[in-house]
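A short worksheet on the structure shown next.
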Amino acid sequence: MTTESDEDVFGTIIHSYGRSQGIEDGFLVDVTEMANEAGIRYPVTLTRGVYESYVTVPPKVRWQDEKGRLWDVLFMLYLAIREQRDAREIRFTLLVRNDNRRARKVELKAVCGPDDEGAPCITVMHPHE
């Protein structure tokens, strides 16, 4: 049985876009420090879309702050990881209040994969990302 190398299949790789570049460009937001506080041992990033939708406090929304909203995302992720320990992709929900009315349930997806050096890391994104 013969196997083809990446170069045989795809040709010479001209450019790759890694996790660190995504963080540098602002497409990913590194939240590893607070994730560690929440009990998650791998580095964690959120996509910019998730951060803007569920961590950034919308204008005029009362009694909310980014630190608390980020904690909510990470704690719910922590609980989901405990329930689905061996999964590479985890779906989880949390309640988010983006106006001064009632909180609504939203679904997020977390994927565990390799970082730029091959170590495990977690990326939290919208289900469609």
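Between Lys67 and Asp65 there is no salt bridge, since none of the side-chain N atoms of the basic residue sits less than 4.0 Å from a carboxylate O of the acidic one.
Between Arg69 atom CZ and Thr56 atom OG1 the span is 7.5 Å, to the nearest 0.5 Å. Here Leu70 contributes atom CG and Glu37 contributes atom CD; the two are 9.5 Å apart, rounded to the nearest 0.5 Å. From Asp72, atom CG reaches atom CZ of Arg97 across 11.0 Å, with rounding to the nearest 0.5 Å. Separation of atoms CZ (Arg19) and OG1 (Thr123) is listed at 4.0 Å; rounding is to 0.5 Å. To the nearest 0.5 Å, atom CZ of residue Arg41 and atom CG of residue Asn36 are 11.5 Å apart. To the nearest 0.5 angstrom, Ile23 atom CD1 is 5.5 Å from Thr45 atom OG1.
For residues 73-90, the side-chain hydrogen bond (donor to acceptor under 3.5 Å, both in side chains) pairs, not counting sequence neighbours, are Glu89-Arg91.
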>> Gln21 vs Asp116, test: side chain to side chain contact (heavy atoms under 4.5 Å, CB included). Steps then yes/no.
In response: CA-CA 9 Å; Gln21 189 66 47; Asp116 296 343; over 6 Å; no
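Nearest heavy atom pair, residue Phe92 against residue Ala80, reads CB-CB, 3.6 Å. Val124 approaches Val50 most closely through the heavy-atom pair O-CG2, 4.0 Å. Closest approach of Lys60 and Asn100 over heavy atoms only: O-ND2, 2.9 Å.
Listed by chain and number, the residues in a side chain to side chain donor-acceptor pair (under 3.5 Å) with Arg48 are Glu52 (sequence neighbours excluded). The ring-ring contact (aromatic ring centres under 6.0 Å, His included) search around Tyr54 returns His126, not counting sequence neighbours.
Heavy-atom neighbours of Glu107 CD from other residues, nucleotides or ligands within 6.0 Å: above the threshold of 12.
Side chains of Val106 and Thr93 form no contact here, defined as non-hydrogen atoms less than 4.5 Å apart.
For the side chain to side chain contact (heavy atoms under 4.5 Å, CB included) test with Ile122, the passing option among Leu77, Asp115, Thr32 is Leu77; the others fail.
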